[in-house]
Asker: 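The structure under discussion is supplied below as structure tokens; questions concerning it will follow.
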There are 2 protein chains.
Amino acid sequence: MSRLEEIVDAAQRLLEDEGPGAVSMRRLAAELGIQAPSLYKHVDGKDRIEAELQERALTELAAALQPAADLRDLAHAYRQWALLHPRLYELTARRPLRRDQLRDGVETAASARLVALSGGDVDRARALWAAAHGLVDLELAHRFPEGADVQAAWDALVAAFDRVADREDGELDSLSGQP
Amino acid sequence: MSRLEEIVDAAQRLLEDEGPGAVSMRRLAAELGIQAPSLYKHVDGKDRIEAELQERALTELAAALQPAADLRDLAHAYRQWALLHPRLYELTARRPLRRDQLRDGVETAASARLVALSGGDVDRARALWAAAHGLVDLELAHRFPEGADVQAAWDALVAAFDRVADREDGELDSLSGQP
DNA sequence: CCCAGAGGCTAACGCCGTTAGCCTCATCGG
DNA sequence: CCGATGAGGCTAACGGCGTTAGCCTCTGGG
């Protein structure tokens, strides 16, 4: 295992266990038993580490969405993954995505299921993605009132998009036996 | 105008003009012609300043949504406001909301139009809010591909929720002549 | 055997938020 | 009119941050 991977591992551990404030170069170095400046022998800077985490998260999220058979499954898987890795999700979603230094296919994989289950309509897929992201983001930021039934909001979301799919069919059929 | 208001004004100016990195206590103080520690004669700390900005933003956003007559209007107003104040929007949306130190009515005002246009269904309102937030958030984070037609995604969103409203009616009528 | 490069190290720079402690006025009660 | 008081400045400092410069040591290949 490369030293860079070890660094990113430690960063992920720190992020998930102690929150974003704990992911400092000094703390990170201490975790590996070295001094902060030594990290720069393996990594450009903190930005790079965060970009690596971002790519990891996208890959994992894509895998988690892969088995979803319908919109309800997809929504559930999306929410579950985010709630399981809240800090990582936030980091991934809020950083601008540097596509130029993303390994090919990562983004495509993450969005494939989404587009497929939106009847191939990329605009609908983006709206659905945004909606799921929004629900997760607001939940993670504790923006819903104390006793709010978040699941009910998810149900309302799935209902809205399911019905659209029901009506504007045709496109769906052409994808049901996946290409 | 109280000194606190001046501070928050300066913070908002700095945030919108130069980004979140520019909003430091030292920079903020310099803007007012004083030294950083003097700020603490008027404010608890940086958190408090951000909370004030958050409340301001919620109030303004509520006002911007107020005149919306239907979902399409609402979606448009939401997006427009966010694109007009991107940094302020991010700050407001990503900070946890401290309801205990929010002036009464601010949150209610911000969500009233949303709930009303969702036929009084609070779950649908939350899903719609989350979807709008998600679209804005992803757009601000440059997460859509270069040439993506973001407006089309908004249209797809409005379509989805409009149709739901069409079908599950009844509730709508009881609110149309607003109480 | 040598020497180059990998991978550590310390010292330091310029930021950050925040605290402690001091000083200077203007205001106002006696 | 005097003196206390409090508002609102100030400097110095602390412990953190990301990052750079420059040095040393060890190890593996020619």
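Residue numbers begin at 1 in each chain, while the letters A, B, ... track the order of the sequences. As the structure is a computational prediction, the values presented were derived from the model and not from experiment.
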Asker: Quick check: do B/Asp155 and A/Asp123 have side-chain heavy atoms less than 4.5 Å from each other?
Answerer: no
Asker: Does a side-chain heavy-atom distance below 4.5 Å link A/Leu88 with A/Arg56?
Answerer: no
Asker: Can you confirm whether B/Leu53 sits close enough to B/Thr92 that some side-chain heavy atom of one is under 4.5 Å from a side-chain heavy atom of the other?
Answerer: no
Asker: At less than 4.0 Å, is any side-chain N or O atom of B/His42 found next to OP1 or OP2 of D/dG9? Yes or no.
Answerer: yes
Asker: Are A/Arg99 and B/Glu146 close enough for a salt bridge, meaning some N to O gap below 4.0 Å?
Answerer: no
Asker: Got a list of protein N/O to nucleotides 23-25 of chain D N/O distances below 3.5 Å?
Answerer:
none

Asker: Could you label the plane-to-plane angle of the A/Phe161 and B/Phe161 rings as parallel, tilted or perpendicular, counting under 30° as parallel and over 60° as perpendicular?
Answerer: perpendicular
Asker: Could you give the CD1-to-C1' distance, from B/Ile34 to D/dG8, as a whole number of Å?
Answerer: 9 Å
Asker: Would you call A/Leu4 and A/Glu52 a side-chain contact if the rule is heavy atoms closer than 4.5 Å?
Answerer: yes
Asker: Are any of the side-chain heavy atoms of B/Val8 and B/Val43 separated by less than 4.5 Å?
Answerer: no
Asker: Would you list the protein and nucleotides 17-19 of chain D atom pairs, both N or O, that sit under 3.5 Å from each other?
Answerer:
from: D/dC17; atom 1: OP1; to: A/Ser24; atom 2: OG; distance (Å): 2.9
from: D/dG18; atom 1: OP1; to: A/Met25; atom 2: N; distance (Å): 3.3
from: D/dG18; atom 1: OP1; to: A/Lys46; atom 2: NZ; distance (Å): 3.2
from: D/dG18; atom 1: OP2; to: A/Met25; atom 2: N; distance (Å): 2.7
from: D/dG18; atom 1: N7; to: A/Arg26; atom 2: NH1; distance (Å): 2.5
from: D/dG18; atom 1: O6; to: A/Arg26; atom 2: NH2; distance (Å): 2.9
from: D/dT19; atom 1: OP2; to: A/Tyr40; atom 2: OH; distance (Å): 2.8
from: D/dT19; atom 1: OP2; to: A/Lys46; atom 2: N; distance (Å): 2.9
from: D/dT19; atom 1: O5'; to: A/Tyr40; atom 2: OH; distance (Å): 3.1

Asker: If you look only at pairs with a residue in residues 36-76 of chain A, which of them pass as a ring pair (Phe, Tyr, Trp, His ring centres under 6.0 Å), with sequence neighbours excluded?
Answerer: none
Asker: Roughly, in whole Å, what's the span from CG in A/Leu32 to P in C/dC9?
Answerer: 11 Å
Asker: Rounding to a whole Å, what distance do you find between A/Leu39:CG and D/dT20:P?
Answerer: 13 Å
Asker: Nearest whole Å is fine: how far is D/dA13 C1' from B/Gln35 CD?
Answerer: 14 Å
Asker: Does A/Ser38 put a side-chain nitrogen or oxygen below 4.0 Å from OP1 or OP2 of C/dG7?
Answerer: no
